[in-house]
Amino acid sequence: MKLYVLTADMDIGYISEICHCNECKIRGNAELTVNYLDGTFMFQTTLNEILNKIEIVMISDNKDDVINTKTLISKSNNHLCRYLENILLNT
């Protein structure tokens, strides 16, 4: 099973590796490697950062769910920008 992610920058990728080294086990905070959909490296993060939604805002085992969420957020942000633009232009 592959876990897909949506980052705070609205990039879509997947978790490609989870570190099982002794340091991660002692720390209790596994490091994860996230790749773009084409397989190239995106970034590394920790389990705590994921749980605190610092870099990743959504995780799903369904790529279509992630894509749909990205679309909804993008549309929402577009509506907010147009709303604020109208307010600023009318003042």
Side-chain angles (χ1 to χ4, degrees):
M1 172 175 62
K2 197 178 266 192
L3 287 179
Y4 297 94
V5 300
L6 177 62
T7 69
D9 294 334
M10 296 291 112
D11 288 324
I12 296 175
Y14 64 94
I15 297 173
S16 64
E17 292 181 46
I18 300 173
C19 183
H20 297 288
C21 75
N22 286 334
E23 284 184 35
C24 286
K25 289 177 184 177
I26 291 169
R27 225 180 19 241
N29 190 14
E31 293 178 345
L32 297 95
T33 301
V34 178
N35 287 347
Y36 291 100
L37 292 177
D38 67 3
T40 60
F41 177 80
M42 187 185 296
F43 62 88
Q44 284 188 303
T45 188
T46 64
L47 182 58
N48 285 345
E49 289 173 343
I50 288 175
L51 294 175
N52 291 322
K53 298 186 187 257
I54 292 173
E55 294 177 352
I56 296 176
V57 296
M58 179 188 182
I59 298 175
S60 176
D61 60 354
N62 185 322
K63 182 169 66 170
D64 290 336
D65 286 348
V66 176
I67 291 169
N68 291 337
T69 299
K70 177 182 177 177
T71 301
L72 288 172
I73 291 172
S74 297
K75 286 181 181 179
S76 176
N77 289 344
N78 188 0
H79 290 298
L80 175 61
C81 288
R82 283 189 286 164
Y83 173 77
L84 293 174
E85 184 180 67
N86 284 334
I87 290 175
L88 290 172
L89 292 176
N90 290 326
T91 58

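Taking the side-chain hydrogen bond (donor to acceptor under 3.5 Å, both in side chains) definition, one finds that T40 meets it with D38, sequence neighbours left out.
Only one option out of L72, V66, I73 pairs with T69 in a side-chain contact (heavy atoms from CB on, under 4.5 Å); it is I73.
Under the 4.5 Å side-chain heavy-atom criterion for grouping Ile, Leu, Val, Met, Phe, Trp and Tyr, M58 is not connected to L3 through any hydrophobic cluster. By the rule that hydrophobic residues join a cluster once side-chain heavy atoms approach within less than 4.5 Å of another member, L47 and F43 end up as members of one cluster. No continuous path of hydrophobic side-chain contacts links L6 to I15 [ILVMFWY only; heavy atoms under 4.5 Å]. Residues I59 and Y14 do not share a hydrophobic cluster, clusters being chains of Ile/Leu/Val/Met/Phe/Trp/Tyr side chains in contact below 4.5 Å. Under a hydrophobic-cluster definition in which Ile, Leu, Val, Met, Phe, Trp and Tyr are linked whenever side-chain heavy atoms come within less than 4.5 Å, directly or via other members, I12 and Y36 are assigned to different clusters.
Minimum heavy-atom separation, C19 to A30: O-CB, 4.1 Å.
Listed for the N29 side chain is no donor-acceptor partner under 3.5 Å among the backbone atoms of T46. Checked by atom type and distance alone, the side chain of T45 never pairs as donor or acceptor with a backbone atom of E49 at under 3.5 Å.
E17 CD to F41 CZ: the interatomic distance, rounded to the nearest 0.5 Å, is 9.5 Å. Atom CD1 in I67 sits 7.0 Å away from atom CG in L37 (nearest 0.5 Å). Note: M10 CE to T71 OG1 = 10.5 Å, rounded to the nearest 0.5 Å. Between the CG atom in D11 and the NZ atom in K70 there is a gap of 6.5 Å [rounded to 0.5 Å].
Considering only heavy atoms from C-beta on, M42 stays 4.5 Å or farther from N35 through its side chain.
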